[in-house]
J.: 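Okay, handing you the structure first.
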Number of protein chains: 2
Amino acid sequence: MKKVDLAACPVCSKLDINDEEAFLDDLKCTIKAYGKNELIIRQGDVCDALYMLTQGSVKTEMITENGNILGIEIIKAPRPLAPAFVFSDNNHFPVDVTALEEVEIMKIPKTEIMRLMMTNPDFMSSFMTHNANRTQFLTNRLQLLSIKTIKGKLAHFLFENSQGEGKPFEINRNQTELADFFGVARPSLARSLSEMVQEGLISINKKEYIILNSKGLRELLV
Amino acid sequence: MKKVDLAACPVCSKLDINDEEAFLDDLKCTIKAYGKNELIIRQGDVCDALYMLTQGSVKTEMITENGNILGIEIIKAPRPLAPAFVFSDNNHFPVDVTALEEVEIMKIPKTEIMRLMMTNPDFMSSFMTHNANRTQFLTNRLQLLSIKTIKGKLAHFLFENSQGEGKPFEINRNQTELADFFGVARPSLARSLSEMVQEGLISINKKEYIILNSKGLRELLV
DNA sequence: ATTAAAGTGTAACAGTTGTTACACTATTGA
DNA sequence: TCAATAGTGTAACAACTGTTACACTTTAAT
């Protein structure tokens with residue numbers, strides 16, 4: 001079995017690394033590989049186990065009832081996928097999960113997770129914290145979506161990623177992906193971006209952005 | 001101390017009821033009362049304890065950066081408030097919490113929660129499930145917000161609450177609250193509602209709604 | 001019963017976003 | 001190097017929503 005970097009995983013980081021092999025040997029789980037662009041999990045699938053992404057990276061996206069795509073996030077190994085849903089009463093996945101490259105998924109039964117939490121306080125604590133952080137992530141998405149104007153969303157998003165006025169920073173999404181992330185149409189996003197550049201609020205060079213006028217940018221949030 | 005209906009609380013329901021008194025006696029916690037319309041928790045407050053709503057009801061709402069209000073939900077006792085955030089790395093409350101009537105809040109330190117989870121597997125399981133359900137709730141909110149048209153949101157919302165075509169059902173929110181819930185302007189919501197009534201899709205009498213044409217209503221989601 | 005407050009219906013207009021279409025540039029693989 | 005593909009810039013118009021304003025109805029309180 002390929003070695004997994006347990007220490008890098010948010011829910012396993014506190015495990016005693018010396019026990020790692022024993023830990024993995026004891027664990028009853030199955031591993032499955034997926035190719036690039038393959039659909040790993042479909043929105044609505046029953047979630048009866050913990051899906052741990054051990055190799056590669058995936059994207060998650062929510063398909064709304066009117067067929068639009070709402071980008072959620074990009075996840076890199078090692079990290080669990082939607083861990084909270086293993087325990088929910090209505091245990092269905094809320095998103096589509098698609099492989100961005102060659103991917104390996106470890107599927108750990110719910111009973112095993114329960115056993116780990118019982119016997120391993122550190123695992124339990126990490127698991128709780130990770131789920132709490134996921135909730136916070138969703139809350140942030142909610143906040144972003146609730147900003148009504150595209151420029152407002154952009155301002156919020158740019159402030160979140162910037163280190164300060166004048167300092168260049170990278171956004172590793174293209175316009176189409178950004179538009180999906182915001183839940184808006186691509187040409188509308190492009191229009192807002194070019195207007196903000198014309199107004200001297202920001203500058204854009206490929207995927208490198210600079211905030212030129214944070215005061216003016218902040219006014220878009222008012 | 002006023003008796004609390006532990007069995008009705010989602011995270012305590014599996015506790016042995018015979019131990020209830022001992023459970024509450026052992027628990028190191030403080031209780032505080034709030035009056036109607038009093039602000040109990042402010043968005044951004046540090047969350048270093050579990051806030052358990054033991055009496056009354058509250059509403060939670062998110063204030064966006066542009067000052068708009070996004071209604072989240074109405075919570076009735078007994079239920080914990082934002083339990084997941086006790087364990088998050090950035091443990092700040094994501095919402096304002098306001099008392100809708102006379103309210104009592106039990107504040108349980110994080111260390112006590114940890115102890116309960118360690119010593120009481122049923123509590124742990126309930127706590128996990130409850131947090132998972134909360135995540136699912138947020139996901140649903142996200143899905144609702146990501147529907148772009150007001151009529152689409154309404155259709156989604158009405159289907160969610162209806163028992164079927166022709167069967168009346170109650171919506172216990174007025175138009176202003178519904179508009180906040182959807183994150184739209186009140187007159188815009190009223191316009192959409194009256195158009196949907198005129199088109200024969202639904203009927204409205206005070207807070208009683210009926211879906212008259214579910215086929216037509218479903219088309220608003222496409 | 002009367003008054004104040006809350007909630008609803010509606011209109012006109014401004015503003016923002018979506019849609020569609022097409023030209024152009026950049027990137028990638030053969 | 002070339003061709004194919006992906007990504008970007010932009011325009012015109014339609015569609016939808018927000019804003020503001022005001023009349024009206026219902027509810028709650030005194």
J.: Could you tell me how far apart B/N205 (CG) and C/dG9 (P) are, to the nearest whole angstrom?
T.: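 In whole Å, C/dG9 P lies 11 Å from B/N205 CG.
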
J.: Give a yes or no on whether the backbone of B/E177 and the side-chain of B/N174 come within a donor-acceptor separation of less than 3.5 Å.
T.: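 Flag set: sc B/N174 to bb B/E177 pair under 3.5 Å.
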
J.: Between B/K153 (NZ) and D/dG18 (P), how many Å, whole number?
T.: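 Checked: the NZ to P distance equals 9 Å.
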
J.: Between C1' on D/dG18 and CZ on B/F182, what's the gap in Å once rounded to a whole number?
T.: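 Atom-to-atom, B/F182 to D/dG18, this comes out as 17 Å.
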
J.: Kindly indicate whether a cation-pi arrangement holds for B/R141 with B/F181, taking the cut-offs as under 6.0 Å to the six-membered ring centre and within 45° of the axis.
T.: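 Checked: cation-pi criterion met.
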
J.: Where do B/L81 and B/F93 come nearest, in terms of heavy atoms and distance?
T.: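 Closest approach of B/L81 to B/F93, heavy atoms only: O-CE2, 4.1 Å.
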
J.: Which of residues 184-194 of chain A have a heavy atom under 4.0 Å from DNA chain C?
T.: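 Result for residues 184-194 of chain A: A/V184, A/A185, A/P187, A/S188, A/R191, sorted by number.
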
J.: Taking atom NZ of A/K36 as the centre, does the number of heavy atoms from other residues, nucleotides or ligands within less than 6.0 Å exceed 12?
T.: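 Not buried by this count: 12 neighbours or fewer within 6.0 Å.
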
J.: Measure from CE on B/M196 to P on C/dG9 and round the result to the nearest Å.
T.: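 Taking atom P of C/dG9 as the reference, CE of B/M196 is at 14 Å.
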
J.: Using atom NZ of B/K148 as one end and atom P of C/dT16 as the other, report the distance to the nearest whole Å.
T.: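 So the NZ-P distance, B/K148 to C/dT16, works out to 19 Å.
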
J.: Calculate the interatomic distance between A/Y209 atom OH and D/dT8 atom P; express it in whole Å.
T.: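 Between P of D/dT8 and OH of A/Y209: 8 Å.
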
J.: Under a 4.0 Å N-O cut-off, is there an ion pair linking B/E199 with B/K151?
T.: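 Yes, B/E199 and B/K151 are salt-bridged.
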
J.: Take atom NZ of A/K207 and atom C1' of D/dA6, then tell me their distance rounded to the nearest Å.
T.: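 The distance from NZ of A/K207 to C1' of D/dA6 comes to 11 Å, rounded to the nearest Å.
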
J.: Distance check: side-chain N/O of B/Q175 vs OP1/OP2 of C/dG9, anything under 4.0 Å?
T.: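 So the side-chain polar atoms of B/Q175 do come within 4.0 Å of the phosphate oxygens OP1 or OP2 of C/dG9, strictly under.
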
J.: Quick one: on DNA chain C, does A/K151 or A/K206 contact a more 5' nucleotide (nearest heavy atom)?
T.: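 Here A/K151 is the residue nearer the 5' end.
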
J.: Using five base pairs at each end to define the local axes, how bent is the helix from C/dA1-D/dT30 to C/dA30-D/dT1, to the nearest 10°?
T.: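 Comparing the first five pairs with the last five, the axes sit 60° apart.
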
J.: Rounded off to whole Å, could you give me the CG-to-C1' distance for the A/N174 and C/dT25 pair?
T.: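 It works out to 14 Å between those atoms.
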
J.: Looking at A/F87, is its backbone amide N or carbonyl O close enough to the side chain of A/N91 to form a donor-acceptor pair, meaning the two atoms are under 3.5 Å apart?
T.: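 Not confirmed, A/N91 side chain does not pair with A/F87 backbone.
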
J.: Check whether B/Q198 reaches the backbone of B/E195 with its side chain - one donor and one acceptor, N or O, closer than 3.5 Å.
T.: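 No; zero donor-acceptor contacts below 3.5 Å.
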
J.: Please check if any side-chain donor atom of B/E73 sits under 3.5 Å from a side-chain acceptor atom of B/T60, or the reverse.
T.: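 No, because no side-chain N or O of B/E73 sits under 3.5 Å from a partner of the opposite role on B/T60.
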
J.: I'd like to know if B/E101 pairs up with B/K76 as an ion pair, taking the criterion as any Lys NZ or Arg NE/NH1/NH2 lying under 4.0 Å from an Asp or Glu carboxylate oxygen.
T.: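 Judged by the 4.0 Å cut-off on N to carboxylate O distance, B/E101 and B/K76 do not form a salt bridge.
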
